[in-house]
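Taking it in order: structure first as structure tokens, then the write-up.
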Protein chains: 2
Amino acid sequence: MGLVSRDRDFTAVGRALATPARSVFLNLLLDGTRRPAGELARAAGVRASTASEHLSVLVDAGLVTCEAHGRHRYYALAGPHVATALEALGTLAAPAPVVGYRLSRHAQHLARARFCYDHLAGHLGIALADAWVGRGWLAGREVLVLTDSGADGLQATGFDVDDAVAARRPTTRACLDWTERRPHLAGALGAAVGRRFLEAGWVVRHRSGRGLDLTEAGTAMLREAWGVTLAEPASDDAPATPARVASRA
Amino acid sequence: MGLVSRDRDFTAVGRALATPARSVFLNLLLDGTRRPAGELARAAGVRASTASEHLSVLVDAGLVTCEAHGRHRYYALAGPHVATALEALGTLAAPAPVVGYRLSRHAQHLARARFCYDHLAGHLGIALADAWVGRGWLAGREVLVLTDSGADGLQATGFDVDDAVAARRPTTRACLDWTERRPHLAGALGAAVGRRFLEAGWVVRHRSGRGLDLTEAGTAMLREAWGVTLAEPASDDAPATPARVASRA
DNA sequence: GGGACGTTTCGGCAGACGCCGAACCGTGCC
DNA sequence: GGCACGGTTCGGCGTCTGCCGAAACGTCCC
């Protein structure tokens, strides 16, 4: 101890991020999914061989892990710390160039609800954070610290708060969305919430895409439990207030 | 709004970090100082011409700003957001390779007290955070949220809390040291504290180096105000408890 | 076993990039 | 004005690396 240099060598991480294909890969994996090499290759517009080389660079840099499954190899982010760091870097990075694509519809969907590695994000994530700050369950405005009443309330609603508190990761963490400017809940508790939403069937992963669909059950649950209503996806733009919260302390 | 891609292009930032020389530059600037091109060149072990090219890359990437002063050009980090992002990336990056140097002495000095862009870090920063958490001035263990009593207490001690709260930046932010594993106070309030420590002469920048020296006045002030004592720099290693806090609630 | 398929490895090519020395520019000083 | 000095620009050199197609490997399925 004390013998290690205090400075960090950004070279390796930098190299890993420094090419368009790898940047695309990371963006795709940033929602916490595992994806086979071929799918990543197609998404980035490069040959399988090229993608393979890129992926091994990411693995060597420790950003991504590889898990063999049958004749597929699934790649995923190496852990929450990678997601956290990339998310912080996103502050500096420019929005990715918009490829032709039917982006608009896609983007709207993502804006509404998605996973940010292991926790809920998009309008849904923000609405939850707002609601819980409103009831005094989370404190610190931009920082989202769990209060005692919050621990009780969330536990009562069926979230595994004890586990989250005991975890090695920070219990709560505020994750600032790049496009919206409001924080949503990350950290061990954020992950627990996300897990529960999936297990309970309140949200389901959109088939063949990133992004989540809020189910009937989920919609009802949000309204009844916390008076949260998300703007309908069918409606046009709803930029100013993406979600409305009834109970505001 | 809504039209921008949700993904980020990490390519540019990645490229900017991807070379040893630029990594050294950023590490040097990470303490918030501005330094002339020549000094940076010497530190990185490259010719002035090479350094100049590197620096223009960093400027183009928006990580660094350049300010002409006489026949010198001073380079500095482009803002707190850059420091924050790099600090987050440090989680992923390996410790920088140790160059020959008389590193040990140097590193010890840095470990004791230094600036982390605009706020106090090192054992000093950690000791302050510990002390203030102990008195209930900061809440949230790993997160460091300012409490009401904390606002009163710090204001009474002469820190400009009102300004910090009014600032556009988050009032408090926990900055996790890479080598130590404990957080210290960053954000607008952290910057206000750092500023005051310099102005009051409690710390002075170490000549020709990074790192801070705690003055007699600073030592006395720490002890009297919060019962904080930093281990003497003359002593050998003091790894386990870098600082001791008297009053623990 | 044979064939389809997902993936990796290999060789090769072209472009990008880091480095340097030399030349150039602007400022400060005598 | 003349010179020293900090800094940038330019041309050139060698290396690295991103890309591809072809070939090899392993798995699944008939």
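Proteins come first, then strands; the chains are lettered A, B, ... in the order of their sequence lines, and each starts at number 1.
Inter-residue side-chain proximity for L185(B) and T172(B) is flagged as met; some heavy-atom pair is nearer than 4.5 Å. Residues L29(A) and V82(A) have side chains not in contact (no heavy-atom distance under 4.5 Å, counting atoms from C-beta outward). The side-chain heavy atoms of V204(B) and L212(B), taken from C-beta on, include no pair separated by under 4.5 Å. Side-chain atoms of Y117(B) and L30(B), non-hydrogen and from C-beta on, never get closer than 4.5 Å to each other. Between R112(A) and L124(A) the shortest side-chain heavy-atom distance does not fall below 4.5 Å. Using a 4.5 Å cut-off on side-chain heavy atoms (C-beta onward), L17(A) and T11(B) make no contact.
Spacing between atom NE2 of H72(A) and atom P of dC5(C) amounts to 12 Å, rounded to whole angstrom units. Spacing between atom CZ of R73(A) and atom C1' of dT9(C) amounts to 11 Å, rounded to whole angstrom units.
Within the structure, a side-chain polar atom (N or O) of R47(A) is placed less than 4.0 Å from OP1 or OP2 of dG21(D). An OP1 or OP2 oxygen of dG6(D) is reached within less than 4.0 angstrom by no side-chain nitrogen or oxygen of Y74(B). Put simply, Y75(A) has a side-chain N or O that comes within less than 4.0 Å of OP1 or OP2 on dT8(C).
When heavy atoms are screened at a 4.0 angstrom cut-off, A48(B) is found touching base atoms of the nucleic acid.
Under the salt bridge (Lys or Arg N to Asp or Glu O under 4.0 Å) rule, D118(A) has a single partner from R196(A), R173(A), R195(A), R169(A), which is R169(A).
Counting atom types as modelled, S49(B) pairs a side-chain N or O with a base atom of dG21(C) as donor and acceptor under 3.5 Å.
One side chain, R22(A) or H54(A), offers a donor N or O that lies under 3.5 Å from an acceptor on the other.
Evaluation of the ring pair (Phe, Tyr, Trp, His ring centres under 6.0 Å) rule for F197(B) yields W202(B) as partners, not counting sequence neighbours.
Helix-axis bend for the helix from dG1(C)-dC30(D) to dC30(C)-dG1(D): the local axis fitted to the five terminal pairs at one end deviates from that at the other end by 20°, rounded to 10°.
Distance OG1/T215(A) to CG/L222(A): 9.0 Å, rounded to 0.5 Å. Rounding to the nearest 0.5 Å gives a distance of 9.0 Å between CG of D31(B) and SG of C116(B).
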Below 3.5 Å, can you tabulate the donor-acceptor pairs from side chains in residues 62-81 of chain B to any protein atom, sequence neighbours excluded?
residue: E67(B); atom: OE2; partner: R34(B); partner atom: NH1; Å: 3.3

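Annotation: proximity of residues 10-23 of chain A to DNA chain C (heavy atom, distance under 4.0 Å) is found for no residue. Less than 4.0 Å separates DNA chain C from at least one heavy atom of each of the following residues of residues 50-71 of chain A: S52(A), E53(A), R71(A). A heavy atom lying under 4.0 Å from DNA chain C marks none of the residues of residues 27-34 of chain A.
Using a 4.0 Å cut-off between charged side-chain N and carboxylate O, R210(A) and D7(B) make a salt bridge.
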